[in-house]
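All of these numbers come straight from a predicted model, not from anything done at the bench. Along the sequence shown, the residues carry numbers beginning at 1.
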Amino acid sequence: KPTSFRDFLELGSLVYIGVHKDKKILSQVPVAEASFVAVDAIEGKLKAYVGGFDFSKSKFDRAANSKLLPGSSIKPFIYACAFENGLNPSTIFIDGPIIFDDEKLESIWRPRNNSGEFYGPIRLRESLIQSLNIVSIKLVQSLGLPKTIDCFEKYKFKEEMLTNDLSIALGTGTLNPLIAATQYSSFINNGKHQNIAYIDRIEDMTGKIILDPNNNYSKKVKNFKNVSFPWLSSEKFDYTGAPMIALDDFEQAQVMDERVAFLMSNILKEALKRNANRRGLKIPIENMGGKTGTTNDNLDAWYIGFIPQLLTGVYVGFDQPRSMGLHESGSRAAAPVWVEFMKNAVANLPTQQFPQPPGIVSVKIHQSGRRAGPCDLQDEIQEEHYRTGTEPQLDMLLNPNCSGTITESADINEKEPERFQFDDWDTKDIPYLKSAQSNIFCKVIDHFEHATHTIFLGNVVKSTFKDQFNTL
């Protein structure tokens with residue numbers, strides 16, 4: 001470790017000087033590369049584009065031509081698929097160790113969370129904010145690979161992202177920053193996929209438009225029946241010889257339920273706020289969200305974030321893959337770049353809100369995921385959003401704080417409820433229950449991790465799965 005400048009400088013050395021917080025500091029040419037894309041996700045216009053650190057040193061365009069692992073930045077699309085298929089932000093999953101032993105694998109696969117810890121029963125909102133790998137994998141297991149891939153195709157992901165195994169949950173396909181920004185646009189564009197345009201138009205020296213790649217200036221027609229084919233003598237042509245005519249009923253592809261898009265943007269707003277607080281980053285406005293992405297051994301670092309009218313993606317990594325260092329995750333290597341850009345961007349943009357589409361209901365829930373009751377402590381209650389009809393219903397029997405106010409049948413306290421007996425369960429339709437009873441605990445939890453309650457035999461008394469198994 002150097003103790004003075006003389007340890008690494010000598011007379012005649014060329015040094016780079018930067019400015020940080022109004023102070024001059026020694027700087028250096030970065031060894032890692034980076035890429036940056038900013039787009040207007042509503043209108044599809046490219047706002048900023050950086051393909052690398054220095055064009056004179058490398059002319060490779062990492063923004064559009066690279067093939068990079070997205071890592072955890074892909075997880076919001078796994079959750080969106082789950083929400084479109086019946087789950088909701090307060091659905092409980094079990095974050096616990098899982099092992100895959102498959103002859104197709106070179107060795108046993110033991111996926112783990114980045115923290116190395118497991119958190120047990122956890123709401124989907126919280127698991128996405130914490131970017132838990134195990135829950136993401138279990139979501140794909142629950143949905144099934146075919147349905148997950150169907151969702152990715154519906155969201156307009158290209159074939160190289162469609163990994164046909166459970167690792168799709170961890171972002172083992174490939175994309176680039178421009179594609180990533182395009183995909184994330186659906187979260188702030190009411191679920192609509194927006195193609196990003198590099199060029200608005202090309203004019204000749206007289207101001208005549210000779211290329212209109214997005215049909216913004218072409219003649220609009222309801223159909224082509226009244227166009228003078230084949231001569232088109234009265235129509236304008238671009239410099240390629242193509243007629244400048246377009247249908248006026250063009251609509252963006254609705255790739256995602258607009259209510260799910262709202263739920264995702266809402267969760268990612270909380271994810272950004274908590275991540276920024278943990279890293280000591282000051283976000284310029286409250287109404288912004290985003291998601292980090294980090295691949296194994298910190299080879300790639302991502303941050304993709306947004307405000308209602310602007311979406312930006314940052315990538316940091318080496319051209320020849322190697323680790324950037326022990327702690328160089330997306331939140332440390334990429335997120336600060338995004339924050340610095342957004343500080344300048346929001347200063348020149350009007351304040352907007354994320355529109356809440358019809359069909360969204362907000363209810364108060366307990367931190368355990370159930371509907372909050374009148375006896376719950378205020379610091380254990382928070383508001384959650386749902387697609388109408390998927391919100392949890394109030395069930396006083398699931399509220400232990402109100403147990404003293406509930407009355408049951410006269411004999412409920414006279415006789416101990418009959419405990420659940422595995423022998424009483426017909427297991428022919430439940431493959432997870434075919435193992436020995438010594439393995440029943442983890443198998444049942446795995447199979448029923450979506451359940452919010454079970455039922456004792458005998459007197460009907462509902463309880464949480466956690467409480468149920470504590471009594472067995």
Mind checking the CG-OG spacing from L178 to S35? Nearest 0.5 Å is all I need. 8.5 Å
Under a 4.5 Å cut-off applied to non-hydrogen side-chain atoms, are S186 and H193 in contact? no
Side-chain contact, heavy-atom cut-off 4.5 Å: L46 with V37? yes
Would you list the pairs meeting disulfide (SG to SG under 2.5 Å) in which at least one residue belongs to residues 134-191, sequence neighbours left out? C81-C151
Looking at side-chain heavy atoms only, is the closest gap between S218 and I245 below 4.5 Å? no
Any side-chain heavy-atom pair from D95 and E117 closer than 4.5 angstrom? no
For atom NZ of K158, decide whether the heavy atoms of other residues, nucleotides or ligands shown that lie under 6.0 angstrom number more than 12. no
Give, for atom CD1 of I134 and atom CG of L139, the distance between the pair rounded to the nearest 0.5 Å. 11.5 Å
Tell me whether the rings of F77 and Y155 are parallel (<30°), tilted (30 to 60°) or perpendicular (>60°). tilted
May I ask you to test the V140-L145 pair for a side-chain heavy-atom distance under 4.5 Å? yes
Testing the 3.5 Å rule here: is there a donor-acceptor pair between the side chains of D297 and S323? no
When you compare the side chain of I137 with that of W109, does any pair of heavy atoms fall below 4.5 Å? yes
With E384, the salt bridge (Lys or Arg N to Asp or Glu O under 4.0 Å) member among R125, R371, R370: R125
For Y79, the ring pair (Phe, Tyr, Trp, His ring centres under 6.0 Å) test, sequence neighbours excluded, returns none
Beyond-backbone contact of L87 with F93, side-chain heavy atoms, under 4.5 angstrom: yes
Going by atom types alone, do N215 and K220 pair a side-chain donor with an acceptor below 3.5 Å? no
So does E383 have more than 12 non-hydrogen atoms from other groups sitting under 6.0 Å from CD? yes
Hey, could you give me the CD1/CG distance between I98 and L166, rounded to the nearest 0.5 Å? 7.5 Å
If you take the centroid of each ring, where Trp contributes its six-membered ring, are F354 and F306 closer together than 6.0 Å? yes
Results of side-chain contact (heavy atoms from CB on, under 4.5 Å) for S331 - residues two or more places apart only: N275, R278, R279, T292, S329
Would you say the side-chain atoms of Y315 and N176 include a donor-acceptor pair closer than 3.5 Å? no
How far does CG of N189 sit from CD of E258, to the nearest 0.5 angstrom? 11.0 Å
Rounded at 0.5 Å granularity, tell me how far NE2 in H366 sits from CD1 in I381. 7.5 Å
Between K291 and S131, is there a side-chain donor-acceptor contact under 3.5 Å, judged purely by atom types and distance? yes
Could you give the distance from CD1 (I74) to OG1 (T172), rounded to the nearest 0.5 Å? 9.5 Å
